[in-house]
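A quick write-up on the structure given underneath.
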Amino acid sequence: MSNVSPGGPPMAASPLTRAVLEIDEYTSGLGWDQPARLFALVDTAQLRAQEPGLAAQLGLGDGGAAAPLTPVEQDEIPSGTPLDEFLGTIAWPDAVAGCALTVERLMLPPSAETSVPEGLDEASLAAWVAAHPDRQEVRMTVAVLRDGARESALRLREKDSATEVLTGGDLVPGLAEALSATFEA
């Protein structure tokens, strides 16, 4: 199920869901085979008040209704750095209400778990998954707020349409935990 109306803005229940779907739509426009991308989530009204120049640059001038949370893409994640190590180096300023990450991965259906060869190291396992005929390419967008709220959006490459995006707070719990930890420093 999707919370997106065809050809229109997200009809999401919460500001965090709207932000996740906005980021998913943005990264979708960049195409597949992209590096991971990190976003700060800032309170739009606060951004307008405290940083009017930046707000105007982001198209958030005083006119028009903007989403309550504004995603601001951060510098590129250094290539070759494991994601968990990189996330361990982040400390957010108080003005950041939350953060989000998009990452592409290969995944297998649960039925394939029983056929995974034992004793594979990480590189061998990745190669085995990449060669598996039932593999699916997926883009995951995961966001968390300082207050603990979580949201995720999953987009399968074979169903690359805004109407096919799955959303839910517990779709990628490990990544949500890692993002939440960036606020504990």
Are Glu104 and Arg37 within salt-bridge range, i.e. N to O under 4.0 Å? no
Same cluster (ILVMFWY, side-chain, under 4.5 Å), Leu38 and Val144: yes
Val96 with Leu179, same ILVMFWY side-chain cluster at under 4.5 Å: yes
I need the Leu21 CG to Thr141 OG1 distance, nearest 0.5 Å. 8.5 Å
Once you round to the nearest 0.5 Å, how far does OG1 of Thr27 lie from CD of Glu25? 8.5 Å
Under 3.5 Å donor-acceptor, Asp170 side chain and Pro173 backbone: no
Are there more than 12 heavy atoms of other residues, nucleotides or ligands under 6.0 Å from atom CG of Asp121? yes
Between [X] and [Y], which heavy-atom pair has the shortest distance, and what is it?
X: Ala153; Y: Val165; answer: CB-CG1, 3.7 Å
X: Leu171; Y: Ser152; answer: CB-CB, 3.9 Å
X: Leu83; Y: Arg105; answer: CD2-NH2, 3.9 Å
X: Ala19; Y: Pro71; answer: O-CG, 4.4 Å
X: Gln74; Y: Ala40; answer: NE2-CB, 3.4 Å

Please tabulate, for side-chain N and O atoms in residues 88-95, each donor-acceptor pair with protein atoms closer than 3.5 Å (sequence neighbours left out).
{"unit_1": "Thr89", "atom_1": "OG1", "unit_2": "Phe86", "atom_2": "O", "d": "2.6"}
{"unit_1": "Trp92", "atom_1": "NE1", "unit_2": "Thr182", "atom_2": "OG1", "d": "2.9"}

Given Arg150 and Glu177, is the salt bridge (Lys or Arg N to Asp or Glu O under 4.0 Å) satisfied, shown in steps? CA-CA 9 Å; Arg150 299 174 173 193; Glu177 286 293 326; 2.3 Å; yes
Identify all side-chain donor-acceptor contacts of residues 154-161 below 3.5 Å with residues at least two apart in sequence or on another chain.
{"unit_1": "Arg155", "atom_1": "NE", "unit_2": "Asp24", "atom_2": "OD1", "d": "3.2"}
{"unit_1": "Arg155", "atom_1": "NE", "unit_2": "Asp24", "atom_2": "OD2", "d": "3.2"}
{"unit_1": "Arg155", "atom_1": "NH1", "unit_2": "Ser28", "atom_2": "OG", "d": "3.3"}
{"unit_1": "Arg155", "atom_1": "NH1", "unit_2": "Asp160", "atom_2": "OD1", "d": "2.8"}
{"unit_1": "Arg155", "atom_1": "NH2", "unit_2": "Asp24", "atom_2": "OD2", "d": "2.5"}
{"unit_1": "Arg157", "atom_1": "NH1", "unit_2": "Asp33", "atom_2": "OD1", "d": "3.2"}
{"unit_1": "Arg157", "atom_1": "NH1", "unit_2": "Glu137", "atom_2": "OE1", "d": "2.8"}
{"unit_1": "Arg157", "atom_1": "NH1", "unit_2": "Glu137", "atom_2": "OE2", "d": "3.4"}
{"unit_1": "Arg157", "atom_1": "NH2", "unit_2": "Asp33", "atom_2": "OD2", "d": "3.4"}
{"unit_1": "Glu158", "atom_1": "OE1", "unit_2": "Gln136", "atom_2": "NE2", "d": "3.4"}
{"unit_1": "Asp160", "atom_1": "OD2", "unit_2": "Trp32", "atom_2": "NE1", "d": "2.7"}
{"unit_1": "Ser161", "atom_1": "OG", "unit_2": "Thr163", "atom_2": "N", "d": "3.2"}
{"unit_1": "Ser161", "atom_1": "OG", "unit_2": "Thr163", "atom_2": "OG1", "d": "2.9"}

Leu101 side chain reached by Ile77 side chain, heavy atoms, under 4.5 Å: yes
Under a 3.5 Å cutoff, is there a donor and acceptor pairing between the side chains of Thr70 and Thr44? yes
ILVMFWY clustering at 4.5 Å (side-chain atoms), partners of Leu16: Ile23, Tyr26, Leu30, Phe39, Leu41, Leu69, Leu145
